[in-house]
Structure formats: structure tokens, C-alpha cells
Amino acid sequence: MKLASWNINSIRQRHTHVQQWLTKEQPDWLFLQEIKCQNEQFPTEIFEEMGYQVIVNGQKAYNGVAILSRHPFQLNHTVLPDLNEEEPQARYLEIESQGVTLCNLYLPNGNSGGEEGFQRKLHFIDALINRAEHLLQHKQDCIFAGDFNICPTNQDYAPQTLSAEDALVKPESRNGFYQLLWLGLTDALRAIYPTETLYTFWDYTRGAWQRNAGLRIDHALLSPKIAEQLKSFTIDKAERDKEQPSDHVPIIIEF
DNA sequence: ATGTCGGGCACAGCCCGA
């Protein structure tokens, strides 16, 4: 099985990139984040014509997630069960397909909106931990993948790109990521590349790509049985060199 | 602060978010 995740930074700007990429890679599932459109604006048909079933959790202007699937699936959740927000944002999409629970997530960045904005990020992480705990307690094979907006360690961001106060590296954010690992989930990239410096995002500004001033913020966390079956983890850096690229590149796991 | 994107608003450049 092949599962990919890609923060696309507007599907309307980059649906051709996705089409071409799908033709090349043929994943069983593709998780998309930051589609930045409402459900009815998503180009569902072009992916259906390619043999994918499509489920979209969109909203106006910001955020938004979607899953493209070659296999039948059941929708589980469009909001994390324990997340009680007055104005829920489109940041989560969970399905079950081929016996695996597939959780596509786009964590709040946490750097805007002051302390309240940061707390929203921490609440999302808490709800994610609760969801992971629930699925693992019920022996449900599961994968949590997407844009976590967390650099787990200092190796996961280029020197001098972020301050210690940045929400992507703050201890509270990182602690949430570690809690997911302590529950028994495996950081798929680190299972295969324990020590290499690898990034999944390069800012549009300051020639970040040319200077390799990147971040590792797109992750795939695997429940134990899936982790045992993990065969490969790929960061498709070539996408960052294309015309009008997203600032994130696809990550791909095979199991 | 720098800097570059995308979307919204509303129709021309700003503003927000990343």
C-alpha cells in the first residue's frame, strides 16, 4: 500500500500539479491539506476520472483537507471528536479504508492570534492524542499523516530559520508530538532515516529553497502493526523545483 | 523586519495567514 500526504497551498492553483503527480505515483491514498476552498469548489471530477474517490472537508479561504482514495471507504470524522471549538475549522478528515483508519490532519500553525492562537494549536494536539489513544486501545490499525506544523527536534529545522519562541518548536508543541510517540505511534521517517537531516517545507521567502533553509513539519505516524510493515518513506523534493510549486512537497509511505 | 505566496474584498491595492 502506498499513502501520500501533501500540503498543496490551494488546490485551485495546483490541481494540475496533483493530476500529474498522481499519474506518476499512483498512490492508494493521497491526503491533501490547505486546499483553501469550499467543498463545491474542489475539482472532484478530474480526480474521479483518474479512478479516485474523493472526500472533501473544505471551508472558505483558509485551511481545508481532502482525501483521494483508490479504494472504497467509510467516513469516520470531519472534526476531531474531543475538539470543542465555537467555530470549528476544516483541519481534520478521518476515513476507514482497507481495514485501516486513515487520519488526515492540518494542525493550526499557532503563530497568529497571540496566546489564544497558540492555545488553539495545543487544544488540537490534545484532541489528536485522545483520538490516537482511543484507536490504539481498540487495536485499530491507524495512520495519522499531514501537516503537523511541529518540528519535533532541533534537527528538523534549518539553523536560524526559527526563533525558540516559534509555535513550531515551542516545548508545548513538541511535547504533544512526543506524547503521540509515547502512545506507541512510530514516526515513519525516523524509522527509516534515524539521523539524516531532512525537510518537507521550504518557505517562499528569502530564497529558502535555494539555501535549503527548510523545515520537517509534514509527518506520518503509524500504529504498531503498520509500522512493522513499513517499507519506505519518500520526500518528493522534485516538486519544490517545479513552476508555481507549493511550499510543501509530498511525503510518501509504502507498507 | 526581511520576503513571497494565496484568498478575500471588491475592482485597486491592502490585509490576513503562512
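Values in this document were obtained by computation on a predicted structure and should not be read as measured data. Chain letters run A, B, ... following the sequence lines, proteins first and then strands; every chain starts at 1.
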* Asked: Reading nucleotides 12-18 of chain B 5' to 3', which nucleotides get B (base under 4.0 Å from a protein heavy atom), which S (sugar-phosphate only), which -?
  -> ----BSS
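- With sequence neighbours left out, His71(A) forms a side chain to side chain donor-acceptor pair (under 3.5 Å) with Asp28(A).
- Using a 4.0 Å cut-off, some side-chain N or O of Ser10(A) falls inside it from OP1 or OP2 of dG7(B).
- Atom CG in Asp166(A) sits 7.5 Å away from atom SG in Cys151(A) (nearest 0.5 Å).
- In this structure, CD1 of Ile35(A) is placed 11 Å from P of dG7(B), rounded to the nearest angstrom.
- When the P atom is compared between dC16(B) and dA1(B), the two are found 13 Å apart, to the nearest whole Å.
- Arg70(A) and Gln26(A) are linked by a side-chain donor-acceptor pair at a separation below 3.5 angstrom, with hydrogens and angles left out of the test.
- For Arg14(A) and dG6(B), the shortest distance from a side-chain N or O to OP1 or OP2 is below 4.0 Å.
- Distance, Ile8(A) CD1 to dC5(B) P: 15 Å, rounded to whole Å.
- Taking 4.0 Å as the cut-off between side-chain N and carboxylate O, Glu239(A) and Lys242(A) count as a salt-bridged pair.
- The salt bridge (Lys or Arg N to Asp or Glu O under 4.0 Å) search around Glu48(A) returns none, not counting sequence neighbours.
- Lys121(A) places a side-chain N or O within 3.5 Å of a backbone atom of Ala167(A) that can act as its donor or acceptor partner.
- Spacing between atom CD of Gln41(A) and atom P of dG7(B) amounts to 9 Å, rounded to whole angstrom units.
- Using a 4.5 Å cut-off on side-chain heavy atoms (C-beta onward), Gln59(A) and Gln38(A) make no contact.
- Every residue was checked against the side chain to side chain donor-acceptor pair (under 3.5 Å) condition with Asn39(A), not counting sequence neighbours, and none meets it.
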Below 3.5 Å is the cut-off: list the nitrogen or oxygen pairs between protein and nucleotides 9-11 of chain B, distance only.
{"from": "dC9(B)", "atom 1": "OP2", "to": "Lys60(A)", "atom 2": "NZ", "distance (Å)": "3.4"}

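- The salt bridge (Lys or Arg N to Asp or Glu O under 4.0 Å) test applied to Arg216(A) returns Asp156(A), Asp187(A), not counting sequence neighbours.
- With rounding to whole Å, His15(A) atom NE2 is found 13 Å from dG6(B) atom P.
- Spacing between dC11(B) and dC15(B) at atom P, rounded to whole Å, works out to 16 Å.
- In this structure, Gln13(A) places its CD atom 17 Å from P of dT4(B), rounding to the nearest Å.
- When the P atom is compared between dG3(B) and dG7(B), the two are found 23 Å apart, to the nearest whole Å.
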